[in-house]
Protein chains: 2
Amino acid sequence: MTVIEELVHSLGEAVLTGDRIGDRYRSDASLTGRSLPMAVVRPASAPEIAIALKICNEHRQSVVPQGGMTGLAGGANPKTEDIVISLERMSGIEEIDSAGATMTVLAGTPLEVAQRAAETAGFLLPIDLGARGSCQVGGNLATNAGGIRVIRHGVTRDNVLGLEAVLADGTVLSSLNKMIKNNTGYDLRQLFIGSEGTLGIITRAVLRLRPLPDGRLTALCALASYADVVALLKRAQQQLPGLSAYETMWESYFGFNCGAEGLRFFETPPAFAVIIEQCTHGLGGERDAFESFLGQMLEDGLIGDALIAQSEKEAQAFWQVREGHALDRLPSLVNLDVSLPIGAIGRFAEACGAALHEAFPSAHVSFFGHVADSNLHIAFSAPDAKAETLHAVDEIVYTLVGRHHGSISAEHGIGTLKRDFLDRSLSPAEIEVMRRIKTALDPNGILNPGKVLI
Amino acid sequence: MTVIEELVHSLGEAVLTGDRIGDRYRSDASLTGRSLPMAVVRPASAPEIAIALKICNEHRQSVVPQGGMTGLAGGANPKTEDIVISLERMSGIEEIDSAGATMTVLAGTPLEVAQRAAETAGFLLPIDLGARGSCQVGGNLATNAGGIRVIRHGVTRDNVLGLEAVLADGTVLSSLNKMIKNNTGYDLRQLFIGSEGTLGIITRAVLRLRPLPDGRLTALCALASYADVVALLKRAQQQLPGLSAYETMWESYFGFNCGAEGLRFFETPPAFAVIIEQCTHGLGGERDAFESFLGQMLEDGLIGDALIAQSEKEAQAFWQVREGHALDRLPSLVNLDVSLPIGAIGRFAEACGAALHEAFPSAHVSFFGHVADSNLHIAFSAPDAKAETLHAVDEIVYTLVGRHHGSISAEHGIGTLKRDFLDRSLSPAEIEVMRRIKTALDPNGILNPGKVLI
């Protein structure tokens with residue numbers, strides 16, 4: 001039997017072929033996927049995934065796992081000779097453990113569904129990102145997806161206690177640990193998180209839940225220099241225990257987006273604009289403490305001006321500028337995602353802006369970042385950009401990142417789009433160890449081949 | 001040349017043999033090590049460790065890495081045919097990055113030296129445990145050592161951003177990342193943390209630093225049931241943003257230690273005594289908020305009584321009972337370290353106490369735990385205990401742990417002492433994947449053989 005015949009024989013209606021393969025299996029949100037796979041398997045359970053992988057492994061058949069397809073690095077895009085395993089039917093919350101503050105969830109559950117379930121039980125699920133409505137928990141874990149509010153509860157991998165994954169040979173590896181402390185052997189869980197489906201397919205997870213805030217305080221501050229951005233961050237981390245976001249916009253970004261949205265917050269355009277957000281927990285005195293913190297920072301000269309949102313609507317206006325949807329109207333917009341040691345981000349942005357403008361004098365280049373997480377985003381648009389232009393942009397940016405001891409991917413992952421630049425961030429020894437682990441867990445190389453590693 | 005001749009030829013005075021091997025290389029703090037190794041290598045740098053490992057690997061020579069020898073699982077104990085590599089000469093802080101709040105430190109640095117350096121720079125190094133004076137940072141990472149204050153900033157692995165390790169074949173794997181967000185490939189760092197020297201020898205690390213508290217508020221509370229212990233924890237996590245310790249003592253433990261220390265805190269002995277500690281950051285109103293929280297908990301009936309320490313001396317008296325040094329005077333004392341889902345700890349302690357008393361009617365059995373971290377310790381002492389007795393205790397406790405979906409090691413690791421019980425916490429599939437990774441990174445099995453895995 002062919003591999004597809006075997007899959008159909010074992011899994012029946014869960015296997016789609018030919019015209020039944022919809023266009024949505026073609027590409028993630030990077031829109032770089034061009035091909036439909038030769039089949040799509042939609043299993044309903046981990047044992048069904050195990051059956052599918054066992055068959056594919058025996059046939060040396062390449063497999064591409066797919067979640068909500070919101071990735072930005074091409075990590076879930078199939079080639080015509082691949083078989084897609086989609087987690088879309090494996091959705092649901094299995095348990096919320098109120099005493100232990102954990103949630104056990106199936107990998108295909110949309111993130112927002114999991115967030116709502118946590119809230120209903122009186123908890124915050126701290127994993128959060130813009131694509132929450134369509135991304136899936138399994139994909140969030142497979143890519144260690146980042147987000148705007150990791151400052152308080154850490155990145156995705158910090159919020160995962162246990163994991164179930166199916167290996168290339170069909171072994172179901174169930175490590176559904178609920179304990180904070182567990183020192184029994186190697187941390188297999190962290191190996192799968194961020195491996196982009198190349199080591200196994202995540203099927204279930206135990207996530208940490210946190211106390212649910214009852215509100216948010218938000219301020220928009222004007223700063224004169226990157227040194228002040230770093231100094232203010234340090235003070236905020238010391239004095240605002242509920243600090244939940246610290247979003248920095250360079251003048252290039254803030255000015256462009258304020259102009260495009262028809263918003264004006266400060267008399268003169270600041271060199272840096274920072275959104276400071278703090279969660280409240282109904283403790284009393286929180287708003288006073290927030291205001292007096294900002295007053296102190298004004299007095300100390302760390303900020304030149306500050307606006308405190310008096311309503312949800314005002315806070316949304318700050319975030320509207322930060323989200324920068326106006327940029328989407330620019331031609332061939334690229335949003336680059338890198339990270340650097342916090343102290344080096346200011347120098348890097350200067351050098352990067354200069355290098356890009358030198359190569360592309362008419363380009364739009366602007367910077368914003370989750371600076372507390374060492375994460376910088378670069379928005380680039382050139383009116384007459386071709387594929388070669390964009391490759392040159394990658395080359396300029398990632399080479400500079402390497403020189404500043406940064407990482408070519410802060411939160412988007414590697415996929416195919418950053419794969420050829422991996423050596424800018426990793427040493428040959430690191431890449432070789434990754435290969436050894438890949439071979440140990442997937443000796444036939446069937447899992448998401450060509451992603452992350454060549 | 002023999003392996004020792006080659007080592008001496010390449011590393012000279014760094015190699016100790018014969019009478020120059022001191023007794024301290026025999027055993028960690030479990031005092032179960034009986035043998036001196038055939039040589040001790042004391043390298044001064046990662047390249048020297050690389051030379052030593054390359055020679056040993058070519059000779060298929062087993063190697064046991066040693067740090068401060070404060071482990072409790074036998075993980076650093078050599079056999080007579082092993083060669084020890086001691087990190088003792090690789091001590092020092094390489095950099096404190098104030099903008100990024102990171103410290104780069106050599107693996108042989110005593111933890112307390114690193115803590116003091118962080119404090120001098122105005123930061124808290126959140127990794128902390130009782131053995132801080134003699135344990136070393138590399139050993140803390142290799143064992144993912146726990147501690148009493150992980151509730152606020154996480155376990156050791158959560159506070160490591162970057163790592164350098166030398167592999168069995170002498171490859172220096174340098175991943176000295178300083179970024180919070182970095183999604184370039186597999187998380188190799190977490191693989192080495194907690195692997196107890198079986199995958200590589202950690203030589204340097206980049207650690208996260210946090211804001212330095214200016215003081216602590218401490219209370220001792222009397223509670224009536226384990227359900228109240230869990231409910232109070234949840235309220236404390238919601239309402240005390242600086243919560244830094246939540247130490248729970250069962251009546252058996254609290255009563256014994258109060259009696260032994262001649263201390264009396266409550267009119268009637270409570271079923272549970274809990275130390276709540278909160279860090280302060282000079283924000284104003286922190287003491288009032290702490291007191292009003294406890295007042296509210298009294299009113300809500302979650303606690304029966306509460307004492308707030310009015311001085312450092314009073315806080316120390318609470319901690320004196322918790323540290324339980326009086327127990328050390330009991331014959332053949334064993335301190336078992338397990339973890340369980342938080343909601344299951346109360347039931348487990350009841351079942352475990354009953355089973356141990358049934359098997360050993362005259363034994364002392366008492367319980368205390370870092371309940372917020374799902375970590376329970378069991379103190380056991382029987383007047384006429386032999387080796388077989390203690391093995392029977394392990395058997396009873398770890399079998400019950402398995403039944404309650406817990407872990408046989410919360411913070412002490414596996415070493416040799418818990419190795420034979422690994423299957424109580426891990427499935428055959430998990431152990432098999434650990435083996436595959438071990439073989440991929442150390443194909444000749446020279447690194448700490450017989451530790452963690454058989």
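Small disclaimer: the values here were computed from a predicted structure and weren't measured. Each chain gets a letter, A, B and so on, in the order the sequences are listed, and its residues count up from 1.
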Is any side-chain heavy atom of [X] less than 4.5 Å from a side-chain heavy atom of [Y]?
{"X": "Thr184(B)", "Y": "Ile414(A)", "result": "yes"}
{"X": "Met434(A)", "Y": "Leu188(B)", "result": "yes"}
{"X": "Val433(A)", "Y": "Tyr186(B)", "result": "no"}

(request) For chain B, find its close neighbours in residues 151-166 of chain A: heavy-atom separation under 4.5 Å, sorted by number, or none. (result) Val155(A), Arg157(A), Asp158(A)
(request) With sequence neighbours left out, write down each residue that passes side-chain hydrogen bond (donor to acceptor under 3.5 Å, both in side chains) with Asp420(A), or none if nothing qualifies. (result) none
(message) To check you understand the geometry: which heavy-atom pair defines the closest contact between Ser339(B) and Met179(A), and what is its length?
(response) OG-CG, 3.4 Å
(request) Locate the shortest heavy-atom distance separating Lys234(B) from Ser98(A); write the atom from each residue and the value. (result) NZ-OG, 3.2 Å
(request) Please confirm whether the backbone N or O of Asn144(A) pairs with a side-chain atom of Asn183(B), one donor and one acceptor, at under 3.5 Å? (result) yes
(message) Among residues at least two apart in sequence or on other chains, which ones pass side-chain contact (heavy atoms from CB on, under 4.5 Å) with Ala344(B)?
(response) Pro341(B), Arg347(B)
Measuring heavy-atom distances to chain A, does [X] have an atom under 4.5 Å in its side chain, in its backbone, in both, or in neither?
{"X": "Ser175(B)", "value": "both"}
{"X": "Ala101(B)", "value": "neither"}
{"X": "Ser195(B)", "value": "both"}

(request) Could you list the residues that satisfy ring pair (Phe, Tyr, Trp, His ring centres under 6.0 Å) with Phe421(A), not counting sequence neighbours? (result) His391(A), Tyr398(A)
(request) State whether Asp169(B) and Arg436(A) are salt-bridged, where the test is any N-O pair (Lys NZ or Arg NE/NH1/NH2 against Asp/Glu carboxylate O) under 4.0 Å. (result) yes
(request) Go through the steps for Leu191(B) and Leu191(A) under the test side-chain contact (heavy atoms from CB on, under 4.5 Å), then give the verdict. (result) CA-CA 7 Å; Leu191(B) 202 52; Leu191(A) 203 52; 4.3 Å; yes
(message) Quick check on His405(B): does its NE2 atom have over 12 non-hydrogen neighbours (other residues, nucleotides or ligands) under 6.0 Å away?
(response) no
(request) Say whether Lys181(B) and Ser409(A), considering side chains only, have a donor N or O and an acceptor N or O under 3.5 Å apart. (result) no
